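Heads up, the thing below is written out as C-alpha cells.
If you read the sequence from its start, that first residue is 1, and numbering goes on from there. As the structure is a computational prediction, the values presented were derived from the model and not from experiment.
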Amino acid sequence: MSALVFATDQGGQHWLSFRIGTQLYAAPLVDVSEVIRDGDITPVPGAATDLLGVRHLRGRIVPVLDGCKRLGLPALPAPDPAMVRIVMLAHAGQLVGVRVDAVGELLCSDGIDIAPPPPGRASRSDDPVSGVLSWQGGFVALLDVRRLCRLSGEGDHVA
C-alpha cells in the first residue's frame, strides 16, 4: 500500500490542496495524517448519505466521507480512478478520511491574506469552509477540519 505521510507543521500556515469536482480545497497540513489510495471501504447501513463507510487502517476503523456529498457539490462524471485518494485527517485524537478527486500541491499562506468565505453562500452552522486564499489566478477554499468531519469538542466522534 502506498501512502504519503506528512510531518506536523507547527506554524499552521501550510495547507494540502486537493480537488473535489471542479473546485480546489485545502486542509491545514497540521491536520493531515496521510494520503492513501481509494479502496476497501465497507458501507455502513443507515449511515448519513455523505458517509461512504469505514475502512481498516493499521488496526483502526476509520470513517470515510464522500468529499463531494459532504460539501454539497453537484454530481459530476466520475473522476479518474487513478487520481482518487483518501485524505486522512486527524483532529482531537480522531481520524477521519475524506475521498477527494485528486491531491494537489502543498500551499503556503505566509504573507497572503486569507479572505472570509464569499458572501451569498448558504449560511450553515456546520459550513466547513473557513476562508478563501487567492491562488494562481483563482482561489482555494480553506477547510476547517473540525467542521468538515463534524467533530464538536474533546472526545469527538464523527456525527
How about [X] and [Y]: do any of their side-chain heavy atoms sit closer than 4.5 Å?
X: W15; Y: I114; answer: yes
X: L57; Y: E34; answer: yes
X: L52; Y: R99; answer: yes
X: V100; Y: V84; answer: no
X: V98; Y: I86; answer: no
X: L71; Y: Y25; answer: yes

>> Applying salt bridge (Lys or Arg N to Asp or Glu O under 4.0 Å) to R150 and D50, what does each step give before you reach the verdict?
In response: CA-CA 11 Å; R150 293 191 191 97; D50 59 4; 2.5 Å; yes
Nearest heavy atoms of [X] and [Y], plus distance in Å:
X: H56; Y: I61; answer: CE1-CG1, 3.7 Å
X: V140; Y: Q23; answer: CA-NE2, 4.3 Å
X: G93; Y: R60; answer: O-NH2, 3.5 Å
X: L143; Y: P28; answer: O-CD, 3.5 Å
X: V129; Y: A141; answer: CG1-CB, 4.1 Å
X: L95; Y: S33; answer: CD1-CB, 3.8 Å

To the closest 0.5 Å, what do you measure between [atom1] ([X]) and [atom2] ([Y])?
X: W135; Y: L24; atom1: CH2; atom2: CG; value: 9.5 Å
X: L73; Y: T22; atom1: CG; atom2: OG1; value: 7.5 Å
X: H91; Y: C149; atom1: NE2; atom2: SG; value: 8.5 Å

>> Taking D38 first and then R85, would you say they form a salt bridge - that is, a charged N and a carboxylate O separated by under 4.0 Å?
In response: no
Donor-acceptor contact present, side-chain [X] to main-chain [Y], <3.5 Å:
X: S130; Y: L142; result: yes
X: R19; Y: G21; result: yes
X: R55; Y: G39; result: yes
X: S17; Y: E105; result: yes

>> With clusters defined by side-chain heavy atoms of hydrophobic residues (ILVMFWY) lying less than 4.5 Å apart, directly or transitively, does L89 cluster with V103?
In response: yes
> With hydrophobic residues grouped by side-chain heavy-atom distances under 4.5 Å, do I20 and L106 end up in a single group?
Replying inline: yes
>> If you apply the rule side chain to side chain contact (heavy atoms under 4.5 Å, CB included), what do you find for I36 with M88, and how did you get there?
In response: CA-CA 8 Å; I36 61 175; M88 290 293 174; 3.4 Å; yes
> What do the steps show when you test D31 against L16 for side chain to side chain contact (heavy atoms under 4.5 Å, CB included), and what is the final call?
Replying inline: CA-CA 9 Å; D31 291 332; L16 176 67; over 6 Å; no
> Would V54 and I41 count as a side chain to side chain contact (heavy atoms under 4.5 Å, CB included) if you check the C-alpha gap in whole Å, the side-chain angles of each, and the deciding distance to 0.1 Å?
Replying inline: CA-CA 5 Å; V54 295; I41 296 173; over 6 Å; no
